[in-house]
Each structure stands twice: as structure tokens, then as C-alpha cells.
Amino acid sequence: MKRFITLLAMVLLIVSSKTENKEEVQQAEAYKIPVHAWMGLKKDATDEDLKTEFDDLKSKGVDRLMYSAGHDPEIYRRVGKIAKASGLEFHTWIPTMVQNNKPELKPEWYAVNRNGESAFDKPAYVEHYRFLCPNREEVYEFLKNLYGSVAEVEEVDGIHLDYIRFPDVILARGLWDKYGLVMDKEHPQFDYCYCEKCLADFKSASGIDIKEVEDPTQLEEWKQFRYDLITKMVSRLSEVVRSKDKPITAAVFPGPKSQAMKLVRQEWNKWDLDAYYPMNYNDFYLEGTKWIGSVTKEEVLASSGKPVYSGLFICPKPENKAAEKDPEGHGLLPEELEAGISESMKNGAAGICLFTPGRMTDAHWKVFEKAIYTDYTK
């Protein structure tokens with residue numbers, strides 16, 4: 001009898017221990033930070049390829065895709081249906097002011113720099129930097145039709161803007177060497193927009209002929225005029241998207257005051273959006289992971305209660321980072337990823353957004369698996 005009682009006690013102890021362990025796991029997994037990801041459609045990807053990829057991302061903890069697949073609504077219908085079947089939210093990620101040459105886009109609709117050069121045929125920095133002028137009604141109509149048609153797709157959960165800005169009048173510090181530039185001031189070839197309409201509208205509003213100003217870069221009214229052009233475009237596109245009962249968000253530069261306003265004329269704290277996705281890519285600013293925390297704190301304070309999802313730039317080849325000269329090959333190492341997530345969440349981010357899942361190594365995913373189930377508010 002004593003032996004039976006002893007065995008029974010041991011069984012009960014084991015069952016109790018397993019139950020407690022299961023409850024601990026359930027409690028640990030009850031908290032999970034929201035994880036979003038920027039990614040694009042791979043060429044020739046089949047439906048089976050997409051389903052396998054999306055199932056894998058969902059199993060790893062990704063909740064929402066910010067997905068880039070061009071302008072065709074039918075492509076987003078196809079991909080969105082597969083993403084949603086995998087349990088993922090599906091938001092389209094479509095560039096705004098940057099548009100390559102299309103028959104419906106006229107050369108005169110593109111932004112012009114202080115030297116009088118058009119982004120249409122002489123883009124800054126790289127060939128794809130063909131920025132439209134946000135002060136053109138024709139440009140708004142083009143974007144209205146683009147985002148409106150995509151927002152009508154049932155499988156699309158929201159619209160995500162990108163390149164909603166002017167070209168970088170000053171590059172992030174980590175990019176200076178790549179382009180062989182010292183950008184301690186606003187150089188004329190990177191300073192936009194000086195098209196005839198912008199010049200005329202600014203003179204009408206302020207009484208100032210910017211062409212007569214000795215140093216336009218020091219005139220606050222001229223800077224504000226261009227901040228407001230982007231802000232107005234965002235407001236108008238927000239009306240379009242919300243009329244389709246969809247939320248609208250945007251990828252933005254860090255700040256806004258510390259970087260976005262100075263570098264790309266984004267006063268995004270005034271934008272009428274449902275959430276902000278600052279690209280807190282610390283390596284581009286020659287900063288460590290602590291900087292992610294400080295800039296996230298600034299962003300959360302600037303967002304007036306709207307969610308901020310901290311964009312994290314992943315290093316695709318950690319073993320080559322030290323020797324990699326191009327900052328595009330830099331990013332968070334596996335041993336830095338937890339700190340990047342922690343700094344974001346401890347400073348008020350609603351979640352994180354990966355750039356991109358395809359850059360994540362097995363070592364990244366191992367760190368990530370633990371980090372996203374940590375409650376950083378405690």
C-alpha cells in the first residue's frame with residue numbers, strides 16, 4: 001500500500017510539473033510583439049512557391065506583409081489571397097513619388113533641381129531616382145488612380161506608401177563614401193523642386209522670388225513650402241484610400257526632426273496616416289543599436305499616439321560585413337538583432353518591421369524566435 005501511495009505521488013508530481021511547464025510556455029507565448037515585413041514578389045514565383053514562403057514566415061512569427069509587386073491590382077489579388085490563406089495580413093507596398101518612365105507620365109511632371117536639371121532625364125545618385133513633383137495636379141491624379149484601384153482589391157488589407165518625399169538633399173552619413181560626396185550642406189544638384197510651378201506658387205504664397213535669394217537653403221519659408229507639398233499629397237491620398245475602407249501607412253525616414261526633415265523634406269508627424277514605419281537603419285547613420293532606441297523614442301513622441309513600427313535593416317551576410325564597403329550590405333548582425341528589437345520596444349514602438357525576411361540568416365531567426373516573445377515593457 002505504501003508503495004502504491006509513493007508511486008501515485010510520483011505520478012501526480014510529474015503530471016503537476018508538466019502542467020506547470022505547459023502553463024509557463026503558454027504564458028510566455030501569450031505575449032508576442034507584432035512583426036511586419038517588407039518584401040517583394042520574386043520573378044516567376046508560382047502559387048505553390050508563395051504558399052510555402054508565406055507559411056514559413058507565419059510559422060516564424062511574421063504577422064503582416066508590406067508587399068511590393070508593381071501596379072497591377074490583379075497581381076495583388078492573386079498574392080493577397082495566398083498570403084491571407086497563410087494567416088498573414090496583406091498590405092501593398094508601392095512607391096509614390098519615384099516612378100520610372102511610363103507613357104502616361106509626362107517629362108514635365110518630374111521634379112527639377114536648383115541647377116534646372118530634371119529628375120526625368122538626369123536623376124540624382126542612381127538611375128531609378130526619377131522623382132515626380134508633388135505640386136502637380138496631374139501627378140496627384142496618377143497616384144489617386146493607382147492607389148485607389150489597388151485599395152479596391154478585397155484581398156488587400158491596407159496601402160503602404162514609400163518614397164513619399166523629395167530626393168535626399170543630404171544623404172545619411174554612412175552613404176557619403178559610397179557616392180564620393182561630402183554632404184555638409186545642401187548642394188544644388190540634389191536640392192528639389194525648382195520647377196516653374198513650384199517657383200511661381202511659392203512666390204504667390206510668400207512674395208519671395210526664390211531665384212533672387214542668395215542662399216535658398218537658409219530660407220525657412222522655402223523649406224516649409226516643400227514640407228507642406230508632401231504633407232498635402234499624403235492627406236489627399238489618405239482620403240482616397242480611406243474612401244475604400246482601407247488603412248494607409250508609410251515608410252518614412254527616422255525622426256522626423258533629427259533626420260527626415262533635414263534629409264528628405266519629410267515632416268511626417270503632420271501626416272494623416274494610420275501608422276508610421278520609420279526606417280531605423282542604424283548602420284546608414286554610422287550608429288549602434290542604442291541609436292535605434294533614442295530615435296524610436298523621438299518618433300513615438302512625434303506620432304501623437306499613432307502606432308510606430310520600427311524598421312530594422314538586416315545584414316544578409318554577417319561573415320562579410322566587416323569587409324563589405326557598400327552600406328547596402330550592412331545591417332544588424334544576429335548578435336545585434338535582439339538589441340535592435342529591445343531598443344525599439346522599450347522606447348514605445350508598437351512592433352517591428354523587417355527589411356527583409358530574405359536577408360535573415362538561420363542565426364538571425366534563432367535570435368528572433370526568442371526576442372519576439374519577450375515582454376520588453378517589464
Side-chain angles (χ1 to χ4, degrees), residues 17-39 53-66 83 86-89 91 249 251-252 254 274-285 287-303 305-318 321 330-378:
S17 175
K18 287 183 176 180
T19 302
E20 288 176 4
N21 289 340
K22 184 177 180 181
E23 288 176 352
E24 287 176 3
V25 171
Q26 288 175 337
Q27 288 173 1
E29 293 186 352
Y31 179 86
K32 176 188 168 299
I33 70 171
V35 177
H36 304 171
W38 286 296
M39 65 183 301
E53 181 178 36
F54 295 161
D55 283 348
D56 180 58
L57 290 175
K58 180 64 177 178
S59 71
K60 287 175 175 173
V62 175
D63 305 298
R64 176 188 296 180
L65 300 182
M66 323 308 285
S86 296
L88 295 165
E89 285 188 51
H91 292 233
T249 62
V252 296
D274 296 293
Y276 307 96
Y277 287 69
M279 298 174 284
N280 294 332
Y281 303 164
N282 55 296
D283 278 296
F284 281 41
Y285 300 88
E287 299 283 358
T289 54
K290 284 290 184 183
W291 176 86
I292 295 175
S294 63
V295 78
T296 298
K297 184 175 182 179
E298 177 191 353
E299 292 153 358
V300 170
L301 289 172
S303 70
K306 299 284 184 68
V308 170
Y309 294 94
S310 179
L312 302 179
F313 195 73
I314 306 301
C315 182
K317 297 179 179 178
K321 181 175 177 178
H330 293 179
L332 294 171
L333 298 169
E335 59 267 30
E336 297 173 316
L337 181 57
E338 192 278 334
I341 295 172
S342 174
E343 288 290 341
S344 299
M345 300 307 297
K346 286 181 178 179
N347 285 282
I352 62 165
C353 192
L354 299 174
F355 187 94
T356 63
R359 295 168 70 98
M360 295 272 282
T361 63
D362 289 343
H364 280 109
W365 286 118
K366 186 175 181 180
V367 173
F368 177 84
E369 183 179 10
K370 179 181 177 182
I372 63 172
Y373 288 105
T374 300
D375 187 349
Y376 298 99
T377 63
K378 294 181 178 180

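On a predicted model such as this, the values are computed, not experimentally measured, just so you know.
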Open item on the list: Could you measure the distance from the CE atom of Met66 to the OH atom of Tyr309? Nearest 0.5 Å is fine.
Closed with: 9.0 Å
Open item on the list: Suppose we screen for side-chain contact (heavy atoms from CB on, under 4.5 Å). Which residues come up paired with Lys317, at least two apart in sequence or across chains?
Closed with: Glu319, Asn320
Open item on the list: As an exercise, state the distance from CD of Glu299 to OG of Ser310, rounded to the nearest 0.5 Å.
Closed with: 6.5 Å
TODO: Report the distance from atom CD1 of Ile341 to atom OG1 of Thr374, rounding to the nearest 0.5 Å.
DONE: 8.5 Å
Open item on the list: Any heavy-atom pair between the side chains of Cys315 and His330 that's under 4.5 Å?
Closed with: no
Task: Heavy-atom donor-acceptor pair, Ser342 side chain to Ala339 backbone, under 3.5 Å - done: no
Open item on the list: I want to check something: taking the side chain as every heavy atom from C-beta on, are Phe284 and Met279 in contact at a cut-off of under 4.5 Å?
Closed with: no
Task: For Trp38 against Pro357, the heavy-atom pair lying closest together - done: O-CD, 3.4 Å
TODO: Test side-chain contact (heavy atoms from CB on, under 4.5 Å) on His36 and His91 and set out the steps.
DONE: CA-CA 10 Å; His36 304 171; His91 292 233; over 6 Å; no
- [ ] Taking the side chain as every heavy atom from C-beta outward, state whether Glu287 and Val295 have any atom pair closer than 4.5 Å.
- [x] no
Task: Pro278 versus Pro254, closest heavy-atom pair with distance - done: CB-CA, 4.4 Å
- [ ] First locate atom CZ of Phe313, then atom OG1 of Thr356, and finally report the distance between them rounded to the nearest 0.5 Å.
- [x] 8.5 Å
TODO: Please collect all salt bridge (Lys or Arg N to Asp or Glu O under 4.0 Å) contacts where either partner lies in residues 332-358, sequence neighbours excluded, each pair once.
DONE: Lys290-Glu343, Lys321-Glu336
Open item on the list: Side chains of Asp274 and Thr249: any donor to acceptor distance under 3.5 Å?
Closed with: no
TODO: Might you point out which heavy atoms bring Thr361 and Pro334 nearest each other, and give the distance in Å?
DONE: OG1-CG, 4.0 Å
Task: Separation of Asn280 CG from Tyr285 OH (nearest 0.5 Å) - done: 8.5 Å
TODO: Please confirm whether the backbone N or O of Asn347 pairs with a side-chain atom of Tyr376, one donor and one acceptor, at under 3.5 Å?
DONE: no
Open item on the list: Going by the rule side-chain contact (heavy atoms from CB on, under 4.5 Å), which residues pair with Glu369 if we only count those two or more places apart in sequence or in a different chain?
Closed with: none
Open item on the list: Counting C-beta onward and ignoring hydrogens, is there a side-chain heavy-atom pair between Leu312 and Ile292 closer than 4.5 Å?
Closed with: yes
- [ ] Under the side-chain contact (heavy atoms from CB on, under 4.5 Å) rule, collect the residues that match up with Val35, sequence neighbours excluded.
- [x] Lys32, Ile33, Val62, Asp63, Ile352, Leu354, Phe368, Ile372
Task: Sequence neighbours excluded - salt bridge (Lys or Arg N to Asp or Glu O under 4.0 Å) pairs with any residue from residues 351-363 - done: none
Open item on the list: List the residues meeting salt bridge (Lys or Arg N to Asp or Glu O under 4.0 Å) with Lys60, not counting sequence neighbours, and say none if there are none.
Closed with: Asp56
Open item on the list: I'd like to know if the side chain of Lys58 and the backbone of Ser86 have a donor-acceptor N/O pair within less than 3.5 Å.
Closed with: no
Open item on the list: Return the CG to CE distance between Leu332 and Met360, rounded to the nearest 0.5 Å.
Closed with: 9.5 Å
Task: Minimum heavy-atom distance Tyr31-Asp375, with the two atoms named - done: CE2-CA, 3.3 Å
